[in-house]
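Data block below; observations after.
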Amino acid sequence: MSVCDFVSVGSGGGALVGALTAASRGCAPMVVEKRELIGGSTAKSGGAVWIPNNPLMVEEGVADSYDEAMAYFEEVIGDVGPASSHARRHAYLTRGPEMVSFLRDQGLVFRRCEGWSDYYSGAAGGKSRGRAIEAEILDGKELGPWLDKVQESVAWEMLGLALYVIELNNIVNFNRSAKNFVGAGRIWLRTKLAGLRGQVPMTQGWALVGQLLNAALRAEIPISTSTAVRDLIVEDGRVAGVVVRKDGRDRRIEARRGVLLAAGGFAHNAEMREKYLDPGGAHDWSRSNPGDTGEIMEMAMSLGAATSLMDEAIWTPAKLMAGVPVSDLDRFRPGSIIVDSGGRRFCNEANSYQEVGQKQLARNHITPAVPAWLIFDDAFRRRYVFKKGRPGVIPEAWFEDGTFKRAESLEALAGQCGIDPAGLSDTVERFNPEARAGRDPEFNRGVSASNHHHGDPHWGPNNSLGPIERAPFYATAIYPADVGTSGGLLADEHARVLNEAGDPIPGLYVCGNNSASVMGRTYLGAGASIGNSTVFGYIAALHASGQ
């Protein structure tokens with residue numbers, strides 16, 4: 001049997017922040033991760049962390065305040081129950097900036113995501129300059145043998161570029177403005193120079209986890225991979241540790257101060273998806289960490305833990321490439337629309353990924369909308385990049401395998417997709433005159449700062465709107481994929497897991513996608529899920545250590 005003070009179950013942002021915080025308060029923490037790789041969904045992600053009024057904003061003179069952030073929570077999220085209670089929001093908004101300062105003291109280096117606006121910046125308290133921060137690039141060689149044990153980010157796996165998340169538009173729109181072309185060249189040069197120097201440039205979520213891991217190693221925090229939690233130890237009504245299996249053997253780990261559940265949600269648990277999620281989103285089209293299998297949540301539920309928002313996920317519209325969900329960025333660009341099987345639009349296609357996914361699932365209850373269809377024309381095809389290489393080129397293999405459809409008329413295209421031809425033609429006929437004028441009276445696409453941020457920098461009068469009129473016409477199926485579930489165990493403002501009566505389960509804490517999110521059913525800005533994870537991991541460790 002091993003003995004420590006605080007066990008983090010999982011190794012994503014919340015787990016590592018919790019362990020670092022516990023160590024800084026004189027506790028002896030331990031991190032256990034069932035996979036062979038460290039980092040979970042945090043490492044796979046873009047790595048942004050959404051923290052209102054954070055120290056970097058203060059230092060750069062970006063106006064924000066607690067009151068504005070609370071007003072933003074209240075207007076955008078509304079009342080969704082105890083998962084996003086006033087007390088939990090207060091804890092998030094007061095402890096979040098404090099956590100950033102703490103992590104900087106531990107050696108982490110961040111930069112602001114200037115211009116990545118809150119997703120509802122027009123709401124009370126919203127900020128068009130954004131509240132997200134991200135980790136500076138880390139040379140992976142600093143981690144020594146641990147580098148190979150860190151989950152790479154999706155962006156690095158797909159592009160192999162040392163790319164900050166705020167620089168994504170430079171890559172996807174590199175041919176649309178001189179500024180973007182220069183920005184893309186800077187990214188390419190940065191990547192090449194790192195390689196020539198023998199460096200491994202960790203960026204985005206990979207960098208955030210890399211920096212957290214580096215700090216944990218300096219603090220000599222034990223981290224055990226390929227170590228699956230089999231059970232929670234309960235003594236005298238208190239969670240007192242975990243039983244883990246490693247190398248085929250079970251052993252007990254006693255946790256004198258507490259156990260933090262930070263092992264992700266249930267995105268890859270077929271039975272839980274079928275039980276809790278909307279039927280239209282119950283299929284596993286998830287882009288989340290493969291370790292999000294839900295058994296840790298079920299262990300806590302077996303102890304009487306309460307849950308909330310279990311029907312919610314961080315939805316993201318995606319096309320399936322060889323069966324693998326790939327986030328669709330074309331919905332932000334002028335000259336595209338998303339329609340249901342009746343050929344009708346049902347949302348502002350350029351709004352937050354979670355909202356568009358929610359709208360798709362809601363529409364599916366009225367008329368078939370899973371899949372929905374992204375529609376665009378040949379002028380759109382000529383303007384934009386669809387894979388690494390030249391603009392305007394859609395590989396023929398993508399038509400041959402059915403990922404993309406192509407036809408000389410909208411009616412013929414509709415026939416290939418199972419869309420009502422008259423409905424699609426009518427939608428495009430009504431859409432085009434308004435789009436040419438930069439207006440979308442139906443859904444206000446292109447009005448918000450967030451829509452503008454992701455639009456085409458070389459298009460006007462509305463960089464998110466353009467007509468669909470030049471044959472041939474194209475379509476690709478859009479599915480409600482996700483990057484994780486956002487419902488889970490109910491917790492209080494101290495990150496303590498609550499039972500069905502609303503009382504804390506002694507010794508048991510939760511953060512991240514293991515918990516019902518403080519963000520409720522809304523994604524407030526880039527990095528909201530990592531913010532939810534890291535801030536409440538920090539809060540859990542503070543409470544467990546008696547702070």
Next on the checklist: Once side-chain hydrogen bond (donor to acceptor under 3.5 Å, both in side chains) is applied, what residue pairs with a partner in residues 97-110 remain, sequence neighbours excluded?
Outcome noted: Glu59-Arg104, Arg95-Glu98, Glu98-Tyr538
Item to check | Set of salt bridge (charged side-chain N to carboxylate O under 4.0 Å, His left out) partners for Arg383, sequence neighbours left out | outcome: none
Checklist entry - For the residue pair Phe376 and Phe431, is the inter-centroid distance of their aromatic rings smaller than 6.0 Å? => result no
Item to check | Qualifying residues under side chain to side chain donor-acceptor pair (under 3.5 Å), relative to Asn169, sequence neighbours excluded | outcome: none
Checklist outcome for this item: Here the side-chain hydrogen bond (donor to acceptor under 3.5 Å, both in side chains) pairs for residues 509-528, sequence neighbours left out, are Asp311-Arg521, Glu312-Arg521, Tyr509-His543, Tyr523-Ser529
Checklist outcome for this item: The salt bridge (charged side-chain N to carboxylate O under 4.0 Å, His left out) partners of Arg287 (sequence neighbours excluded) come to none
Item to check | Side chain Gln211, main chain Leu138, donor-acceptor under 3.5 Å | outcome: no
Checklist entry - So how far is it from Asn462 CG to Asp440 CG, rounded to the nearest 0.5 Å? => result 8.0 Å
Next on the checklist: Does any part of the side chain of Leu260, heavy atoms only, come nearer than 4.5 Å to the side chain of Cys511, both counted from C-beta?
Outcome noted: yes
Checklist outcome for this item: Across all chains, not counting sequence neighbours, the side chain to side chain donor-acceptor pair (under 3.5 Å) partners of Asn180 are Ser177
Next on the checklist: Restricting to salt bridge (charged side-chain N to carboxylate O under 4.0 Å, His left out), what partner residues turn up for Arg35, sequence neighbours left out?
Outcome noted: none
Checklist outcome for this item: Applying ring-ring contact (aromatic ring centres under 6.0 Å, His included) to Tyr479 and not counting sequence neighbours gives Trp285
Checklist entry - For the side-chain contact (heavy atoms from CB on, under 4.5 Å) test, which of Val385, Asp456, Asn463 pairs with Arg176? => result Asp456
Checklist entry - Parallel, tilted or perpendicular: which fits the ring planes of His454 and Phe332, with parallel below 30° and perpendicular above 60°? => result parallel
Next on the checklist: Checking Phe266 now: which residues fulfil ring-ring contact (aromatic ring centres under 6.0 Å, His included) with it, not counting sequence neighbours?
Outcome noted: Tyr276
Item to check | Sidechain N-carboxylate O distance under 4.0 Å for Arg445, Glu349 | outcome: yes
Next on the checklist: What verdict does the salt bridge (charged side-chain N to carboxylate O under 4.0 Å, His left out) test give for Arg89 and Glu493, after you've listed the backbone C-alpha separation in whole Å, the side-chain angles of each residue and the deciding distance to 0.1 Å?
Outcome noted: CA-CA 8 Å; Arg89 294 173 185 179; Glu493 67 273 23; over 6 Å; no
Checklist entry - In terms of the angle between their ring planes, are Trp50 and Phe73 parallel, tilted or perpendicular, with boundaries placed at 30° and 60°? => result tilted
Checklist entry - Going through the distances and angles, do Arg112 and Glu60 end up as a salt bridge (charged side-chain N to carboxylate O under 4.0 Å, His left out)? => result CA-CA 9 Å; Arg112 285 190 56 249; Glu60 295 181 28; 3.1 Å; yes
Next on the checklist: Holding to salt bridge (charged side-chain N to carboxylate O under 4.0 Å, His left out), I want the full list of residues that pass it with Arg331, two or more places apart in sequence or in another chain.
Outcome noted: none
Next on the checklist: If you define the side chain from C-beta out and look only at heavy atoms, does anything of Leu374 sit under 4.5 Å from Asp328?
Outcome noted: yes
Item to check | Residues forming a ring-ring contact (aromatic ring centres under 6.0 Å, His included) with His90, sequence neighbours excluded | outcome: Tyr66
Checklist entry - How far apart are the closest heavy atoms of Ile187 and Ala162, and which atoms are they? => result CG2-O, 3.8 Å
Item to check | Gap separating the CG atom of Leu143 from the CG atom of Asn214, nearest 0.5 angstrom | outcome: 5.0 Å
Next on the checklist: I need the full list of salt bridge (charged side-chain N to carboxylate O under 4.0 Å, His left out) pairs touching residues 178-205, with sequence neighbours left out, sorted by first then second residue.
Outcome noted: Glu167-Arg190
